[in-house]
Amino acid sequence: MKKRVLFVMNNMRCGGAEKALISLLETMDYSAYEVDLFLFKHDGIFMNQIPESVHLLEEPAEYQYYDMSIKRAILDCVRKGKLHIALFRGLAGVIFKSEKNRVRCEQRVWKYISKSLKNIDKPYDIAVGYLEKNPIYFCIDKVKAHKKIGFIHNDYDKLGMDPELDRSYFDKLDHLVTVSEECGHVLKNRFPMYQQKVDVMYNIVSPAAISKLSQEQSEWDDRRMKLVSVGRLNHQKGFELAVETCKELVHNGYPVTWYVIGEGEERGMLEKLIAANNLQDRFVLMGLKENPYPYIKEADIYVQPSRFEGKSIAIDEAKILHKPIVVTNFSTAKDQINDRENGLIVEMNSTSLFHAIKSLIDDEELRRKLTLNLSREKLGTESEIHKLYELFA
């Protein structure tokens, strides 16, 4: 008899965790598992990549009230006789207005979102909250399952969350899974009482699939050296450092164009910064790309200027495509890059990024060495799925 498994996620918008979930679902053995997927919102560029074997549950209608203005939400609730949800939305509005830390706001507001959502009636053998905060909280509060697993996709201490709010939820998990050894150490240090629950499972990446997708045609016609970065346009990814670095490269006469694939709340700020430095044709925000691999393949150098990461899927993908890579020295960088062997690790500022990129542009032999070393690495992680099966057992 198949085991019944539920995965819970916010949505399928752009992001490493969303991409990792798709890779996981594509790798699962559907002869052994009956898989349901619950999303708070049915949107995002990865929606059409959900495997046919996965049963997508209905979107919770009440969640929309927490994703619209308080006035509109309360008026609609009152009009439809949902007075209890109107009350919870009003209380949530107080937190939205008073809590300036966006991450902790999301944590604190959950208690009202939770009271507005229905339980899932179907019982499961295993429920997996595939991201920190709401997906884990939902598994605990709203799902009946013999075993519950939560995923943390980042360095917990860098996320800015309130550990006290998480402790009561982590207490009810059977396993707390994260994506790198360093992230595992962080969790064990932050929650020593749950050390035995912490497991490490690397994100699943398939070199064969990435190589195949990279063969598609890109839209580029650019004779300059192409720098590429992939990630959400938010504070974590450090793209304002990239703009400053690009300015230095152009000022010093390097013929480069820097392309960023991704979308996010900092687009407006970055566009102003790009314009202020007259880099409109040198630093290009490309938005979302359902298939970013042709662009990574055609890059001369891949750059990840992040402030923190869990285990960056984009870096793994650039490694699979044998790109010379520059990363900032975030806490988990050494989990993926050996400095000057398969990439360069530099300090987290635009001057260090400039000198590293400059050295790669100037030194063709160094670029060749990094590419050759990457071509010799075994980079597929499809076998990581067996770690998940062990947790399911």
Side-chain angles (χ1 to χ4, degrees), residues 13-16 45 96 99-103 105 154 158-160 218-290 292 294-296 298-309 312 314-315 318 323-331 333 343-362 367:
R13 294 173 192 160
C14 67
I45 62 170
F96 282 133
E99 176 59 79
K100 302 306 178 189
N101 181 313
R102 190 177 61 84
V103 176
C105 177
N154 248 309
K158 298 288 196 311
L159 287 168
S218 75
E219 306 157 2
W220 273 340
D221 181 21
D222 190 341
R223 297 183 185 278
R224 298 181 185 134
M225 287 203 81
K226 294 183 280 290
L227 313 181
V228 172
S229 301
V230 178
R232 278 196 175 102
L233 306 184
N234 62 17
H235 179 75
Q236 175 188 342
K237 301 300 181 180
F239 286 130
E240 76 280 8
L241 297 178
V243 176
E244 291 295 321
T245 305
C246 187
K247 179 180 77 172
E248 285 299 307
L249 288 164
V250 172
H251 178 74
N252 282 273
Y254 286 95
V256 301
T257 308
W258 197 319
Y259 295 93
V260 176
I261 299 172
E263 198 51 83
E265 65 270 17
E266 288 198 345
R267 172 177 274 275
M269 180 274 288
L270 290 169
E271 286 175 339
K272 288 176 184 174
L273 193 59
I274 291 163
N277 289 287
N278 295 314
L279 295 172
Q280 290 92 329
D281 68 333
R282 294 299 193 97
F283 198 98
V284 181
L285 303 178
M286 298 184 72
L288 300 175
K289 295 290 179 186
E290 192 167 333
Y295 303 95
I296 300 173
E298 289 194 22
D300 295 289
I301 300 168
Y302 182 85
V303 189
Q304 193 76 35
S306 300
R307 291 184 166 88
F308 62 95
E309 291 284 349
S312 167
I315 291 175
K323 297 288 107 179
I325 297 168
V326 178
V327 303
T328 42
N329 192 20
F330 47 84
S331 62
L344 302 182
I345 300 178
V346 304
E347 292 309 307
M348 207 173 290
N349 58 67
S350 58
T351 302
S352 297
L353 281 166
F354 164 71
H355 286 295
I357 295 167
K358 175 181 179 294
S359 71
L360 282 175
I361 295 172
D362 292 341
R367 296 203 306 273

Full working for side-chain contact (heavy atoms from CB on, under 4.5 Å) between V260 and F283: CA-CA 8 Å; V260 176; F283 198 98; 3.7 Å; yes
Pair F308-Q236, side-chain contact (heavy atoms from CB on, under 4.5 Å): steps then yes or no: CA-CA 6 Å; F308 62 95; Q236 175 188 342; 3.6 Å; yes
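The side chain to side chain contact (heavy atoms under 4.5 Å, CB included) test with L353 singles out one residue from T328, L344, L249, and that residue is T328.
One distance of note links OH of Y295 with NZ of K226; it measures 12.0 Å at 0.5 Å rounding. Atom CG of residue N234 and atom CD of residue E265 lie 5.0 Å apart, to the nearest 0.5 angstrom. N349 contributes atom CG, which lies 9.0 Å from atom NE2 of H355 (distance to the nearest 0.5 angstrom). Atom-to-atom distance recorded for D362:CG and R367:CZ is 9.0 Å, nearest 0.5 angstrom. For the atom pair OG of S312 and CD of Q304, the computed distance is 4.0 Å after rounding to the nearest 0.5 Å. In this structure, the separation between OG on S306 and CG on L241 is 9.5 Å, given to the nearest 0.5 Å.
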Could you give the side-chain donor-acceptor pairs of residues 269-280 under 3.5 Å, partners two or more places apart or in another chain?
from : atom 1 : to   : atom 2 : distance (Å)
E271 : OE2    : R267 : NH1    : 2.9
N277 : ND2    : L273 : O      : 2.9

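Among all heavy-atom pairs drawn from V228 and A299, the shortest one is CG2-CB, 3.4 Å. The nearest pair of heavy atoms linking P324 to L360 is CB-CD1, 4.2 Å. The two atoms that bring A318 and I296 nearest to each other are CA-CG2, 4.0 Å, heavy atoms only. Residues D281 and T257 come closest through the heavy atom pair O-CG2, 3.9 Å. Listed here is the closest heavy atom pair of S229 and Y302: CA-CE1, 3.9 Å. Minimum interatomic distance between S359 and A356 (heavy atoms only, all atoms of both residues): OG-O, 2.7 Å.
Under the 4.5 Å side-chain criterion, counting only non-hydrogen atoms from C-beta, I361 is in contact with V256. In this structure the side chain of R307 never reaches within 4.5 angstrom of the side chain of K158, judged on heavy atoms. Between F239 and L285 the shortest side-chain heavy-atom distance does not fall below 4.5 Å. Under the 4.5 Å side-chain criterion, counting only non-hydrogen atoms from C-beta, Y254 is not in contact with I357.
In this structure, the side chain of K289 does not engage the main chain of I261 through any donor-acceptor pair within 3.5 Å.
Heavy atoms of other residues, nucleotides or ligands lying less than 6.0 angstrom from CZ of R224 number more than 12.
By the side-chain hydrogen bond (donor to acceptor under 3.5 Å, both in side chains) test, E266 is found to be paired with no residue, residues two or more places apart in sequence or in another chain being considered.
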